[in-house]
Amino acid sequence: MVLDRIHASEYLWKAATARLGETHPDRIPWVRQPLRPIRSGKTSAVIQGLESRTQDPSVSSAHREALNTMIGSSRRNQAYRHYDRYLAPGWPIGTGVVEGACGPLVKDRMAQAGMRWRQVGAQSLLDLRAVRVNDD
């Protein structure tokens, strides 16, 4: 399983907003700084850096809480964030590919006029459709 990189960045944006506010121009660089090592497979180093920030007495409680949420998510999902390994063979690390497939694979077939589906029938049809679309 690959956890898309957008999932990681959402927590960073929340932490940046807690630290700097919603309109501060330094939010973008603040978020980009840990995303680069995460993309390079160095999530452990990012976790350690975030943990050290939580120890800073000048950090507000809202910022500390957002950092702890990011740390917890990163720890729980670290096994699914080896983006360096996923990118090497060309695997996608974003949701765009999956979301892009939903239209032609699912919606175009399942949402035609007058169609009603039970879960088992819909799943069977989607399985066959995926086989066909993938030339399997």
Side-chain angles (χ1 to χ4, degrees):
M1 181 171 117
V2 176
L3 186 66
D4 70 76
R5 67 183 176 88
I6 302 302
H7 187 261
S9 69
E10 287 175 8
Y11 289 107
L12 287 170
W13 281 110
K14 288 177 184 177
T17 299
R19 180 173 185 247
L20 302 167
E22 288 188 28
T23 59
H24 199 286
D26 289 342
R27 284 176 68 223
I28 293 172
W30 193 94
V31 169
R32 281 186 181 159
Q33 182 184 3
L35 279 179
R36 287 187 184 110
I38 288 172
R39 185 177 173 158
S40 300
K42 298 176 181 150
T43 302
S44 294
V46 171
I47 292 170
Q48 290 173 346
L50 294 173
E51 285 174 333
S52 69
R53 287 184 190 177
T54 64
Q55 303 305 314
D56 184 343
S58 67
V59 171
S60 72
S61 61
H63 187 213
R64 183 174 289 109
E65 184 179 332
L67 289 172
N68 283 328
T69 300
M70 173 65 188
I71 292 165
S73 171
S74 295
R75 278 198 183 121
R76 279 190 312 278
N77 296 302
Q78 193 167 2
Y80 311 115
R81 288 189 174 155
H82 297 289
Y83 299 125
D84 54 331
R85 293 185 209 164
Y86 307 148
L87 289 169
W91 295 357
I93 60 170
T95 58
V97 173
V98 174
E99 290 174 9
C102 287
L105 181 65
V106 179
K107 188 163 177 18
D108 290 354
R109 178 61 179 95
M110 306 301 283
Q112 293 182 21
M115 293 196 167
R116 302 288 182 266
W117 297 96
R118 292 178 194 245
Q119 186 171 351
V120 68
Q123 187 62 58
S124 296
L125 184 65
L126 289 174
D127 291 345
L128 289 171
R129 195 151 167 81
V131 167
R132 182 173 181 265
V133 168
N134 291 324
D135 292 327
D136 289 341

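Each residue takes its place number in the sequence, starting with 1. Because only heavy atoms are used, hydrogens play no part in the values below, and waters and symmetry mates are left out as well, while side chains stay in. Just so we're clear, the structure is a prediction, and the values are computed from it rather than from any experiment.
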- Message: Could you work out, with side-chain contact (heavy atoms from CB on, under 4.5 Å) as the rule, every residue matching Asp127, not counting sequence neighbours?
- Response: Gln123
- Message: So, using side-chain contact (heavy atoms from CB on, under 4.5 Å) as the criterion, who are the partners of Asp26 when residues are at least two apart?
- Response: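 For Asp26, the residues satisfying side-chain contact (heavy atoms from CB on, under 4.5 Å) (neighbours in sequence not counted) are Leu20, His24.
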- Task: For residues Ala15 and Ala66, report the shortest heavy-atom separation together with the two atoms involved.
- Result: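 Nearest pair, atom of Ala15 first, then Ala66: CA-CB, 3.5 Å.
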Name every donor-acceptor pair, under 3.5 Å, that has one atom in a side chain of residues 34-47 and the other anywhere in the protein, sequence neighbours excluded.
unit_1	atom_1	unit_2	atom_2	d
Ser40	OG	Arg36	O	3.1
Ser44	OG	Gln78	NE2	2.5

Not counting sequence neighbours, which residues clear ring pair (Phe, Tyr, Trp, His ring centres under 6.0 Å) with [X]? List them please.
{"X": "Trp13", "answer": "none"}
{"X": "Trp30", "answer": "His63"}
{"X": "Tyr11", "answer": "His7"}

- Message: Are there over 12 heavy-atom neighbours, none belonging to Trp91, within less than 6.0 Å of that residue's CH2?
- Response: no
- Item | CD/Gln119: more than 12 non-hydrogen atoms of other groups inside 6.0 Å | no
Pairing residues for [X] by the side chain to side chain donor-acceptor pair (under 3.5 Å) criterion, not counting sequence neighbours:
{"X": "Glu10", "answer": "none"}
{"X": "Ser58", "answer": "Asp56"}
{"X": "Ser74", "answer": "Arg81"}
{"X": "Arg27", "answer": "Thr17"}

- What about Met115 and Leu126, same hydrophobic cluster or not, with Ile/Leu/Val/Met/Phe/Trp/Tyr joined at side-chain heavy-atom distances under 4.5 Å? yes
- Rounded distance [0.5 Å steps], OG in Ser61 versus CG in Asn68: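 Here the rounded value is 11.0 Å.
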- Note on the structure: Interatomic distance, CE@Met70 vs CZ@Arg53, rounded to 0.5 Å, equals 10.5 Å
- Item | From CA spacing to verdict: side-chain contact (heavy atoms from CB on, under 4.5 Å), Gln33, Val31 | CA-CA 6 Å; Gln33 182 184 3; Val31 169; over 6 Å; no
- Any donor and acceptor pair, going by atom type alone, linking the side chain of Arg76 with main-chain N or O of Gly72 inside 3.5 Å? yes
- With the side chain counted from C-beta on, respond yes when His82 and Asp84 share a heavy-atom pair under 4.5 Å apart, and no when they do not. yes
